[in-house]
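What follows is a short report on a single structure.
Hydrogens, waters and symmetry mates are skipped; everything else that's a heavy atom, side chains included, is used.
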Amino acid sequence: MKNLTLLLLSIGLGCTAQQKTTGKLVALDDAFYDYISKDAKIEVLAKDFIWSEGPVWVKEGEFLLFSDAPQNTIFKWDEKEGLTQFLEPSGYTGILPYSKEPGSNGLIINNNGELVACEHGDRRISRMPLSFGGKVTVADKWKGKRFNSPNDIVQTSKSIYYFTDPPYGLPEQENSKTREIDAFGVFKVDNEGKVDMVVGNLSRPNGLALSPDEKILYVNQSDGNAPYIMAYNIQDDGSLDEGTIFFDATELRKEGLVGSLDGLKVAKDGTIFSTGPGGVLIITSEGKLLGRIETGQRTANCAWGDDGSTLYMTAHEFLIRIKTKTTGTGF
């Protein structure tokens, strides 16, 4: 792991009287400015990570948690203290070396106020109280077979979890000899802990998010040959229909924009904020691309924070944020 003292020092030097900013706004439709002010700035809050991921806002303490999977660490950031180390190891407790990304990835706060983590190295979903106590396994197997490397997760108001399981955290990824499940699936965990594969035909399922009414599950596919946001109708029993392509990022990749469809979040009006080629894409609930928050980095994920109108983004070595004119779900 990088030396945290040097990391904090480098961040402190960058945060002088004037906040450091990066990137730019690219509007493809005037409606883009209904969501982002023309003069909004992309602020750099911290840097020097290996691959920042999985941000989640903790309302009770007013702070952000996010993963650095290569460092096997969860970091904490708040306005008063800046950056601190929150948890290490975050996703792998075995004998090193394991893989390039052994730590946690996607994080959420569940309906009970616990931190839920997708753990690459330990190949499970865990939950942990933020006030005291250790981790408890939510799920680590399907039909007796270990997951590949759980990547991102959501929970419904009925406490059902959905999560993705691509190969990114495995040694040698899809060629790993330790693989036990052939598919890279989307899984559901019900209130009794029963695990079902609800999608089994995607090549690289990654980030996922619920529509505001929880009738649709959006799933990002970070496959350069099939860069789609998929939309699945959620059935009464929690299963999903066959799904449709909601948004196709092929043309953006052809333009040479850097990045893959990775993490995504949804605003209260159903507008999607998805990481992808060029940064964070703003897409209407009808699938129209309005523009992008161009971060200048491969951007992994994003999360609503503060009062719900700030978008925090994890972009390669950076933690950044931007004020929006909308509010995210959950606020």
Side-chain angles (χ1 to χ4, degrees), residues 53-54 67 69 89-94 98-99 101-108 110-112 114-128 135-156 158-210 214 216-223 226 228 230-243 262-263:
E53 254 284 10
S67 301
S90 67
Y92 181 61
T93 54
Y98 177 72
S99 74
E101 296 189 3
S104 63
N105 194 311
L107 308 173
I108 62 169
N110 69 11
N111 297 340
N112 295 322
E114 300 168 307
L115 176 66
V116 176
C118 295
E119 300 188 3
H120 276 185
D122 286 345
R123 300 168 71 168
R124 66 173 180 168
I125 304 296
S126 68
R127 60 180 175 86
M128 184 184 77
K135 293 181 179 181
V136 175
T137 297
V138 173
D140 61 358
K141 293 182 179 69
W142 171 68
K143 293 185 176 181
K145 299 177 181 180
R146 298 182 70 193
F147 299 129
N148 294 304
S149 55
N151 185 280
D152 205 358
I153 188 166
V154 294
Q155 186 183 36
T156 71
K158 295 180 180 179
S159 296
I160 293 173
Y161 292 107
Y162 294 95
F163 69 92
T164 55
D165 188 40
Y168 296 129
L170 287 173
E172 301 178 0
Q173 297 193 13
E174 68 271 19
N175 298 317
S176 177
K177 296 179 181 178
T178 65
R179 278 186 62 191
E180 297 181 21
I181 300 175
D182 292 335
F184 302 127
V186 179
F187 292 89
K188 173 176 72 74
V189 185
D190 68 16
N191 291 317
E192 297 178 354
K194 182 176 181 293
V195 179
D196 291 302
M197 184 187 292
V198 289
V199 180
N201 62 352
L202 297 180
S203 55
R204 289 293 186 275
N206 203 308
L208 69 180
L210 293 162
E214 298 188 357
I216 300 172
L217 181 71
Y218 297 104
V219 180
N220 268 351
Q221 179 157 257
S222 53
D223 182 341
Y228 308 142
M230 299 294 298
Y232 298 90
N233 292 308
I234 300 175
Q235 311 302 305
D236 291 340
D237 63 356
S239 62
L240 307 179
D241 70 359
E242 67 278 5
D262 198 329

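- Closest of all the heavy-atom pairs between Gly207 and Asn151 is N-OD1, 4.4 Å.
- With sequence neighbours excluded, the residues satisfying side-chain hydrogen bond (donor to acceptor under 3.5 Å, both in side chains) with Ser203 are Gln221, Asp223.
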For this session: Could you give me the CA-CA distance, side-chain angles and deciding distance for Ile216 and Leu210, then say whether side-chain contact (heavy atoms from CB on, under 4.5 Å) is met?
Result: CA-CA 6 Å; Ile216 300 172; Leu210 293 162; over 6 Å; no
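- For the pair Arg146 and Asp122, the tightest heavy-atom approach, listed with the atom from each and the gap, is NH2-O, 3.7 Å.
- The closest side-chain donor-acceptor pair between Ser239 and Asp196, if any, does not fall under 3.5 angstrom.
- At least one side-chain heavy atom of Tyr162 sits under 4.5 Å from a side-chain heavy atom of Leu240.
- In this structure, the side chain of Asn191 engages the main chain of Lys158 through a donor-acceptor pair within 3.5 Å.
- Under the 4.5 Å side-chain criterion, counting only non-hydrogen atoms from C-beta, Phe163 is not in contact with Val138.
- Using a 4.5 Å heavy-atom threshold, the side chains of Ile160 and Ile234 count as separate.
- Going from atom SG of Cys118 over to atom CD of Glu53 covers 9.5 Å, rounded to the nearest 0.5 Å.
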For this session: Decide side-chain contact (heavy atoms from CB on, under 4.5 Å) for Glu180 and Trp142; before the verdict, give the C-alpha distance in whole Å, the side-chain angles of both, and the deciding distance to 0.1 Å.
Result: CA-CA 10 Å; Glu180 297 181 21; Trp142 171 68; over 6 Å; no
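- With respect to Glu119 and Lys135, a salt bridge is recorded, a charged nitrogen being found less than 4.0 Å from a carboxylate O.
- Atom OG in Ser159 sits 12.5 Å away from atom CD in Glu192 (nearest 0.5 Å).
- Ser67 is linked by a side-chain hydrogen bond (donor to acceptor under 3.5 Å, both in side chains) to Ser104, counting only residues two or more places apart in sequence or in another chain.
- Atom NZ of Lys141 is separated from atom CZ of Arg124 by 11.0 Å, given to the nearest 0.5 angstrom.
- A 4.5 Å side-chain heavy-atom check between Ile181 and Met197 finds at least one atom pair inside the cut-off.
- The closest donor-acceptor contact from the side chain of Gln155 to the backbone of Asn111 lies under 3.5 Å.
- When all heavy atoms of Gly243 and Asp241 are compared, the closest pair comes out as N-OD1, 3.0 Å.
- Taking the side chain as every heavy atom from C-beta outward, Glu174 and Pro166 never approach each other to under 4.5 Å.
- When every heavy atom of His120 is checked against every heavy atom of Pro150, the shortest pair comes out as CD2-O, 3.2 Å.
- Without hydrogens or angle criteria, Asp165 side chain to Asn148 main chain gives a donor-acceptor distance under 3.5 Å.
- Taking 4.5 Å as the limit, some side-chain heavy atom of Leu170 sits within range of a side-chain heavy atom of Tyr98.
- Partners of Ser99 according to the side-chain hydrogen bond (donor to acceptor under 3.5 Å, both in side chains) rule, which considers only residues two or more places apart in sequence or in another chain, do not exist here.
- From Thr164, atom OG1 reaches atom CZ of Phe187 across 10.0 Å, with rounding to the nearest 0.5 Å.
- Annotation for Gly238 and Val198: closest pair O-CG1, 4.4 Å, computed over non-hydrogen atoms.
- A 4.5 Å side-chain heavy-atom check between Ile125 and Asp140 finds every atom pair outside the cut-off.
- Side-chain atoms of Tyr161 and Asn110 include a donor-acceptor pair closer than 3.5 Å.
- For the pair Pro102 and Ala69, the tightest heavy-atom approach, listed with the atom from each and the gap, is CD-O, 3.2 Å.
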Problem set entry | Stepwise side-chain contact (heavy atoms from CB on, under 4.5 Å) check, Arg179 with Phe184 | CA-CA 10 Å; Arg179 278 186 62 191; Phe184 302 127; 3.5 Å; yes
For this session: Start with the C-alpha gap between Thr178 and Arg123, add the side-chain angles, then the distance that decides, and say whether side-chain contact (heavy atoms from CB on, under 4.5 Å) holds.
Result: CA-CA 11 Å; Thr178 65; Arg123 300 168 71 168; 3.4 Å; yes
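- When side chains are defined from C-beta on, Phe147 counts as touching Val195, because their heavy atoms get closer than 4.5 Å.
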